[in-house]
Amino acid sequence: MKDTHLQGFARTSQTINGIRTELLEIGDGPPLVFLHGTGTFTGFEMARQWAASHRVIIPFHPNFGLSGDSPDYDGIEDYVLHYLDLFDRLGLGAVDLVGFSLGGWIAAELALRQPARVSRLVLVAPAGLVDPQAPAPNLFALDPQEMPAYLAHDPARILPYLPAGPDPAFEAALGREMGAAQRIVGDDIQGNPLLSRWLHRLTMPVLLLWGAEDRLRPTAQAQSWADRLPDARTHLVAETGHLVFEETPEAARVVTDFLGD
């Protein structure tokens, strides 16, 4: 991650179950926790807008980004319990919880286990739901040359986040994160076959935010989530793929509008 992406953020560290967990924080107000997706190379520019009304807390998952390694973490449950311990360590009560892609899956699993910990939930193109009618492609089998077209409707919009040529450090960092994500997914590339059974427990207000042209987590999955949630609204961002906030930065305002209702 480029140092410029960290400007303005306070960086702290917590050790959770022996794992060094790095956090970024910006802003003041009620807590908003953001759980990132598989790749952290894009940074978190959208948090600067959220910081106008919230104390934004961005932890790096174990085995991702700035956080330390834990080879024993090999399933979604490890990450959910890790974050419940982190919330306890930080003294957080009920929070607004935002999760993107892999982070959306973690956020949903956390919220259905302890709904009282989450005031409002925002799921941005979340992974995790097995949808036979709109299956996701196998991220780990994609040719790297294809990846920009899966990440954005207009790949040119996200090229600034990608190296212009060979970059061993970038490739090593992303490879580490991809490997960790693959261990979380395990044998079922689509997600958790049991997740749909328990989504009725997400009784808090939920925003489903999705790129209208998402190919990585097909946009049609938004309806499958909405059908199973008691109090959900869906917002599709036009001409936008998977990297919603990077391709269409204005989408960050949809989150703050929802949290402010």
Side-chain angles (χ1 to χ4, degrees), residues 32-38 42 44 46-47 49-50 54 56 58 76 79-80 83 94-115 117-137 139 150-153 190-261:
L32 182 164
V33 177
F34 177 74
L35 301 182
H36 63 75
T38 294
T42 56
F44 308 106
M46 68 289 188
Q49 180 167 314
W50 300 340
H54 287 76
V56 183
I58 305 172
I76 197 71
Y79 288 83
V80 169
Y83 278 121
V95 303
D96 291 327
L97 184 59
V98 183
F100 166 65
S101 196
L102 171 63
W105 180 10
I106 298 171
E109 298 264 9
L110 184 156
L112 66 84
R113 283 163 176 77
Q114 294 195 6
R117 302 294 294 261
V118 180
S119 299
R120 289 176 179 260
L121 178 63
V122 180
L123 302 176
V124 187
L129 184 66
V130 177
D131 187 349
Q133 303 306 313
L139 169 65
Y150 276 89
L151 292 176
H153 176 57
Q190 295 300 315
N192 180 1
L194 301 180
L195 179 58
S196 62
R197 181 185 302 176
W198 301 108
L199 289 182
H200 65 273
R201 289 178 53 81
L202 299 179
T203 55
M204 71 289 295
V206 179
L207 170 66
L208 296 165
L209 181 61
W210 227 288
E213 308 297 335
D214 195 337
R215 297 174 64 196
L216 204 57
R217 299 306 303 187
T219 306
Q221 290 192 3
Q223 189 60 52
S224 297
W225 281 87
D227 289 344
R228 293 166 171 81
L229 294 170
D231 183 7
R233 69 182 75 171
T234 302
H235 186 105
L236 302 183
V237 184
E239 298 182 351
T240 301
H242 190 62
L243 293 179
V244 175
F245 299 122
E246 288 74 28
E247 187 167 12
T248 306
E250 297 82 5
R253 184 174 299 278
V254 179
V255 174
T256 49
D257 288 348
F258 170 74
L259 297 179
D261 282 353

Start with the C-alpha gap between E213 and T240, add the side-chain angles, then the distance that decides, and say whether side chain to side chain contact (heavy atoms under 4.5 Å, CB included) holds.
CA-CA 5 Å; E213 308 297 335; T240 301; over 6 Å; no
Please test V206 against V122 for side chain to side chain contact (heavy atoms under 4.5 Å, CB included), starting from the C-alpha separation and ending with a verdict.
CA-CA 6 Å; V206 179; V122 180; over 6 Å; no
Report the C-alpha separation of L110 and W105 in whole Å, then their side-chain angles, then the decisive distance to 0.1 Å, and conclude whether the side chain to side chain contact (heavy atoms under 4.5 Å, CB included) test is met.
CA-CA 9 Å; L110 184 156; W105 180 10; over 6 Å; no
Stepwise side chain to side chain contact (heavy atoms under 4.5 Å, CB included) test for F258 and R233:
CA-CA 9 Å; F258 170 74; R233 69 182 75 171; 3.7 Å; yes
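Going from atom CG of L202 over to atom CG of L112 covers 5.5 Å, rounded to the nearest 0.5 Å. Note that the CZ atom of R228 and the CD atom of Q223 stand 10.0 Å from one another [nearest 0.5 Å]. Atom OG1 of T234 is separated from atom CH2 of W225 by 11.5 Å, given to the nearest 0.5 angstrom. For the atom pair OG1 of T203 and CG of D231, the computed distance is 8.5 Å after rounding to the nearest 0.5 Å. Atom CG of D96 is separated from atom NE2 of H54 by 4.5 Å, given to the nearest 0.5 angstrom. The CD1 atom of I58 sits 5.5 Å away from the CZ atom of F44 when rounded to the nearest 0.5 Å.
Applying the salt bridge (charged side-chain N to carboxylate O under 4.0 Å, His left out) rule to R120 yields no partners; only residues at least two apart in sequence or on another chain are considered. Qualifying ring-ring contact (aromatic ring centres under 6.0 Å, His included) partners for W50, counting only residues two or more places apart in sequence or in other chains: F34, F245.
The backbone N or O of G211 lies less than 3.5 Å from a partner atom in the side chain of T219, making a donor-acceptor pair. Put simply, the side chain of E247 gets close to the backbone of H153: a donor and an acceptor are under 3.5 Å apart.
Put simply, the side chain of I106 reaches to within 4.5 Å of the side chain of Y83, judged on heavy atoms. By the 4.5 Å heavy-atom criterion applied to side chains, L35 and V98 are not counted as neighbours. In this structure, T42 and L243 have side chains that are in contact, with non-hydrogen atoms separated by less than 4.5 Å. Two residues are said to be in side-chain contact when any heavy atoms from C-beta on lie closer than 4.5 Å; L199 and L129 meet this criterion. With a 4.5 Å cut-off on side-chain heavy atoms, V254 and L207 count as touching. A 4.5 Å side-chain heavy-atom check between W210 and V124 finds every atom pair outside the cut-off. Using a 4.5 Å heavy-atom cutoff, the side chains of H242 and R215 are not in contact. The closest side-chain heavy-atom distance from V95 to L32 is not below 4.5 Å.
Heavy-atom minimum distance, A252 versus M46: CB-CB, 3.8 Å. Between D131 and S224, the shortest heavy-atom distance links the atoms OD2-OG, 2.6 Å. Residue A212 comes nearest to A238 through the heavy atom pair CB-CA, 4.1 Å, listed as atom of the first residue, atom of the second, then distance. Nearest approach of A107 to L123, heavy atoms of both residues: CB-CD2, 4.2 Å. The heavy-atom pair separating L208 from A232 by the smallest distance is CD1-CB, 4.5 Å. Of all the heavy atoms in Q190 and R217, the pair that sits closest is O-NH2, 3.4 Å.
The number of heavy-atom neighbours closer than 6.0 Å to CZ of R253, taken from other residues, nucleotides and ligands shown, is 12 or below.
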